[in-house]
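Here is the structure we will look at, set down as structure tokens.
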Amino acid sequence: MTVPAITLRGLQKFYGSYHALRSIDLTVQRGERIVICGPSGSGKSTMIRCINKLEEHDGGTITVLGTQLDDKLASIDEIRREVGMVFQHFNLFPHMSVLENCVLAPMLVRKTPRAEAEALAMHYLEKVRIPDQADKFPGQLSGGQQQRVAIARSLCMKPEILLFDEPTSALDPEMISEVLDVMTGLAGEGMTMICVTHEMGFARKVADRVIFMDAGEIVEEGPPEAFFTSPRTERGARFLSQVLGH
Amino acid sequence: MTVPAITLRGLQKFYGSYHALRSIDLTVQRGERIVICGPSGSGKSTMIRCINKLEEHDGGTITVLGTQLDDKLASIDEIRREVGMVFQHFNLFPHMSVLENCVLAPMLVRKTPRAEAEALAMHYLEKVRIPDQADKFPGQLSGGQQQRVAIARSLCMKPEILLFDEPTSALDPEMISEVLDVMTGLAGEGMTMICVTHEMGFARKVADRVIFMDAGEIVEEGPPEAFFTSPRTERGARFLSQVLGH
Amino acid sequence: MTPLSPALRPPRPGLFTRLRRDYFATPLSALTSLFCVGLLGFLGWTLLDWGLLHATFDPAARQAECRAAGGACWSVIANRWRLILFGLYPYEEQWRSALASGIVVITMVLSCLPRCWSPRRIALVWGLGFGLFYLLMKGGIPGLPLVREEQWGGLALTLFIFVSTAIIGMPLAIAFALLRNSRLPWIARSSALLIDTIRSLPLVSILFTFAIVLPFVLPDFVLQEKLYRVIAGSALFFAAYQAEIIRGGMQGVARGQDEAAMSLGIPYHHRIARIVLPQAFRNALPATINQFVITFMETSLVVIVGFFELLSSANAAFGTSEWTFAFVEVYVFVAFLYFIFVFGLSRYGAYLERRMATGQR
Amino acid sequence: MIALWQHQKIRNALLQAAFVGGLLGLILTGALTAHHTLAAQGILSGWDFLWKATGWDMTFALLPATSSDPYWWFLLMGGLNTLFLGTIGLALATLVGILVGLARISENKAARLLGTLYLEIFRNIPLIVQVFFWYALANRLPAPRQAIEVFGALLSNRGLYVPGLNIAGWAIAGSLALLAAGLGLGLWFSLARRFRRDAPYRRRRRAWGTALLAVILAALTLALGHGMGTPWITAPALRGLNIRGGYRIQPEVYTLAFSIAIYGGAYIGEIVRGGFIAVGRGQDEAAKSLGLTRWQSFTRIRLPLAIRAMLPILTNQYVWLIKATTLGITVGYADFFMVVSASITHSGQTLELIGILMLGFLVLNFSLAAGMNRINRAIALKGHQNRS
Amino acid sequence: ASPTLEAVKERGALNCTGHTGSYLGFAEVDDKGNWKGLDIDLCRAVATAIFGDPSALKIIPLSWAQRWPSLQSGDVDIVIKASGGTLSRDTELGLQFSNSYYLGTTKVMAHKKLGLTSLKDADGGTICIPAGASQERQVASYAKRIGITLETVAIEKTEELEDAYFSGRCDLYAQWGPVLAIARSVSDHPEDHVLLPDVLAVEPEVMIVRQGDDAWLDIANWTLSVLLFAEQEGVTSQNVDEMKANPPSNEIAKMLGVTPGMGTPLGLSDDWAYNVIKTVGNYSEIFERNLGQGSPYKMPRELTALWNQGGVLFPYVID
Ligand SMILES: Nc1ncnc2c1ncn2[C@@H]1O[C@H](COP(=O)(O)OP(=O)(O)OP(=O)(O)O)[C@@H](O)[C@H]1O
Ligand SMILES: Nc1ncnc2c1ncn2[C@@H]1O[C@H](COP(=O)(O)OP(=O)(O)OP(=O)(O)O)[C@@H](O)[C@H]1O
Ligand SMILES: [Mg+2]
Ligand SMILES: [Mg+2]
């Protein structure tokens, strides 16, 4: 595996005149598990949304699995198939049952026959421990269950890379642990993961590397233990004290 | 002060045929600070909403500051003036500036002259540390700031009792601490407070008593240290392990 | 959650208490109640008295008898109902028109059943229903003599115009909505201008243009029967309005939905068809039903370009020396016919709203 | 080529050019064909007819319009009539709509029932039928001699006679214009962005000051127009065959305004209801828990918020209701459409007149929408509204 | 060599004007949805002249406002819709008229209880007039001439208009004579209304075609002429077969196609006139059936009688 999963070089992003990402450089190897943290508005979401081109970037290059993302239309859908994303607000399709949510993309995109897609979906629903909810609609599930379905839905596309954008911050305290458990399980299987989260316990347990962002820049990066116990920058230290403070 | 701030006796509440509160008994003394916790759906919100009659109760009695709440319309408006409430979603009036939000009720209800009401409002805005935002509109503030305005707005009515319904659960991690700081400050001034929250750090620091609810009943109550270190009931222990687990 | 033993049910208040609580809670409320009940009673009684108690039902009765009775003269309906319902359709063939109307109604009812809501089934139901309707009405095959479009009339014509407006207008509306939402600024802007222009014109002027001005504008080979031109105009008008409704519905679909679909690699047309539109339609349902109601009623405007739809058939029905006096009865009858359809539609809309409310959250 | 097609920017440019070009082409082809066809048939085409005398009288006009006036004047008056009826109709419809909407969300079940009945009846019967009905009813009112008297107003089959001011027409027009100007200025002062930065009390003072000034000026104008020594108000009274004195509102005008109010009220009622539902319980609960009374909470919190939620849909509804005035022709109210329609039969200039009709409504509705959008923007909630 | 005739023949039917709703006596719909009336019978006569078959006729219902554009655009081939000939219609709209088939005067009806003797007494009164018809102009100019002012109520639909008058909304009702007479005769109390003596205008009702197709206008004119000639000569739908067997005169022989020459120059068959009379009847039959003694309206012929009976109608010479 010589090709890294993701390479960002001098990534720039503007919202109007607001400079949201200021020359980001990052390389993620296959199988690596990365946790991104940082204060609100620091550009964490923007960065991972650029990786599967939910946002257009304005400068620099993004290379995913060896393919550079540019204006050519064809390549982007191919990339998106290989990059799964789990959102803060789950974004399940409310008009489809859980099973349909899971089989939709494989059937439409990968042309998997329905029976096969359903078998696959059940496999992943079991993995996230809710096979019994397959016929319910998202609106009938608790937040934690919904987020687990969202993870299963991404997995059904068998992506190489999974991106998480604050997957637990919309959940009730009791449900957070359900979802973190599932994520920890996935991490154990060697999936390439980038996860924006403030769950420091999870970061400590799972991450290979923690990246701390502020004001559109990567301020600090390193192994979790090092970051949590002795942050090198003053900004990082201040942030940690507030998040862990209460 | 012989009259307790709040007395609930055999409080019953039904939603249709769903029994949301099953005979709640509770006495809160003046100046007491109470934290209520419990799993989602256990009736915490319902209970405190009954106290200022945002919900009608179906059985038992509620006595606030010596007045029993019944069907008489006059008494309820009087009670509500003395009982402030801070909501999870702030519920600021979006079409009024922060200052107008704060002066509205004193001017309309207490007939305070505008100048006086504005002075008072500025006083409380300073207390929650956002006097500089007075002319902005709620939509232009961050969540933490909005919640602090909501607290200031309640304080402007100089209530005897303040009710908080999960005031921090709609906030980003960094903003939670801002709001908790303000609340801790209030607690230090001897205000009677009932607060639904899962912020255990706050409960430990501030609460005189912690009440644990489940399935419409008060399962456990006691001083915070006792509850957090050695809950008496099995349900309480399970809940604590999940909330504190990660 | 926890099952509830029946003993714990809250006590149900008695009838008297409920009446008091619902109608006489405060003096103002009591006054409102009394006023409302009084008004309803008065209106109800007047209507009953005129329409039933003092009415004449005898088909043989004419002006003198009816006037003597003092109430409504339903004899006019008894004599002229076929004209009202079928317009100028040949008398011997009117069973076809009746059957065709029945088929349209059945088609509408079928397509309102949630179990028919897959694209294929809807297409099948509509294709079959519409084909049958057309075959019956137009004829021109052995056994069914040809009846040309300008002879169609009455309820069947109203239904035909309404249904074809909806069938043509709906896809057009979706196209308009998507165009207006396009990322490409010029396409978005020019279609916005087009939609807004159509929306701010009165329907009559559009019908007039399509029926009468178009023959000057279009080369002959594009011109079809006037009926089809009028339907095209009415569909365009419908589409402009419905496009805005759909667009509103699309704005109500969280952006995250589209993003989630994108990040699964689902291509544009599938995202629109499978994710965005179904939810947009749910959001836009009340407004859509409203639009259908309005469209149904506005079919009456085609009278301006000379069609014998329900309302102008009604005009013809009292437009004869015997019946000129009885036009109120005819209008009431026609209003009642409109009412049945439209009321059905709006109740159905309410049902759908409830159904979806339970399906979600 | 395929590579070019795949390149996003180039593809976008091509697509847009094709779309806009196609639309323009369609319009151009139509215009050319029409020109060709008309020329071939020898139909006189052009705008000369606008300056010819019409030869008929307008049934209702705000300013004098007689048979010797030219077409353009009639068309203008027709437009004015539409505007006039539109204003009255929309204002009344809004009033009815608010009542119906409030009835539908009222806690009183009888009121809710009445509101629902009203909605289902008046929304579900075509407007044209309703206009027919009300007009027939208006014509069956008693003759002037037996006119019904309500609060000094007389109602007969010749119209509704209301007490009028004994003041010259120019003075009334002038004072109305002054009032309108005052209102406009006042609104501008309180809403316009450039005054935003001023302190609220100063803004308010300026707005009220302007309004007061306008009222005073208007009153002065009225006094000027008043004939010395005559009573200020004339009550309608029966003289001879007819009723004299006061103002007369013709049956055509009030039936049409009434029908639009009744019919539009049903639709607006639903919008009002939607607006109040959209406010969400949170704001109301917050108001309650601050001790505001129900009335205070309604006027200060729910109503202002509901209006903001309603306004965009209301614009749509207004644009649609304005077009309902075209039904004037069914009862002989000389609205824009009826004038155009009569002009078509008398002058035969179909294409030109249809063009004028469309242009008129485009201008009317686009400016209505623009005005409403302006208000909407001015009162829009500031900042992000991501919470209920 | 008429392009319109060719188009009609190719289509297989004549497109003629009907009414939206009805126009009593001129275009009505019976219980079975069939059109009848004077205008309709004239349409039928023209259709029969061309095809020999009265059913080769499409009645296209049109509102008043629609009739000229529909004719100009070719939606209808001929307008027979109680419409008069006017200068501007002729010169500006590019239309052409046939001879008059009906002479209507515009008259005014009033409520008897007002005690009016002529329109001059009605100064300041309210008058109902049909909107968008020539009466609008006639009333305006007549009122100007006799120096009175009237308040007008103009409504497009005749039923609505008449309801407005009878219910007392208007004091007066100005309308084209026959419609006025019919309206009075079918009202609840005909004796409560008087026809004022004023004649506001005489309007010759004509059939109208597009300008520039003279041969097509000829067909309309000759159809009318034949109907009148048949009345003048006593040829009816009953006796036309006898007449054809033994034509009493050369003219009748030619008309009925016994001697050739009647059809070909017009582009029609030689027996077209026979077909018309056989199926539709002569002018008198048509009139009596729709407006006269055979109808509920019992109208007298008045000006619309033949020249030799005190009227102004006449046929051209068939030679
Ligand atoms: N669509 C947009 N238009 C304008 N500015 C935007 C937009 N999206 C994000 N921003 C701005 O870009 C900055 C970075 O946003 P981003 O969402 O990446 O932050 P974040 O680190 O994910 O914060 P959070 O923890 O709140 O999710 C913020 O200041 C935000 O206001
Ligand atoms: N308006 C309502 N109608 C019907 N059921 C309701 C209503 N409001 C609350 N409930 C039900 O009553 C129960 C108690 O609700 P409550 O909001 O008091 O819970 P909670 O303890 O505040 O939970 P959370 O932590 O999620 O806010 C829940 O099961 C809820 O579903
Ligand atoms: Mg983010
Ligand atoms: Mg709660």
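- For B:Phe93, the parts lying near chain D are the backbone and the side chain together; criterion is any non-hydrogen pair under 4.5 Å.
- Rounded to the nearest 0.5 Å, atoms CE (B:Met107) and CZ (D:Arg300) are 7.5 Å apart.
- Atom CG of D:Asp284 sits about 9.0 Å away from atom CG of B:Leu54, to the nearest 0.5 Å.
- Here B:Leu108 is the residue among B:Asn52, B:Leu108, B:Asp135 with the most heavy-atom pairs under 4.5 Å with chain D.
- Of the atoms belonging to B:Leu163, not a single heavy atom falls under 4.5 Å from chain D.
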Handout entry: B:Arg80/D:Leu292 under side-chain contact (heavy atoms from CB on, under 4.5 Å): CA gap, chis, key distance, verdict
Key = CA-CA 9 Å; B:Arg80 279 186 185 146; D:Leu292 266 58; over 6 Å; no
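- The CE atom of B:Met96 sits 8.0 Å away from the CG atom of D:Leu305 when rounded to the nearest 0.5 Å.
- Heavy-atom distances place the side chain of D:Arg308, and not its backbone, under 4.5 Å from chain B.
- The side-chain heavy atoms of D:Thr293 and B:Asp77, taken from C-beta on, include a pair separated by under 4.5 Å.
- The shortest heavy-atom contact between D:Gln296 and B:Val109 is OE1-CG2, 4.2 Å.
- Residue contact with chain D, scored on non-hydrogen atoms closer than 4.5 Å, involves the side chain of B:Arg49 exclusively.
- Top candidate by heavy-atom pairs under 4.5 Å with chain B, chosen from D:Ala287, D:Pro304, D:Ser289, is D:Ser289.
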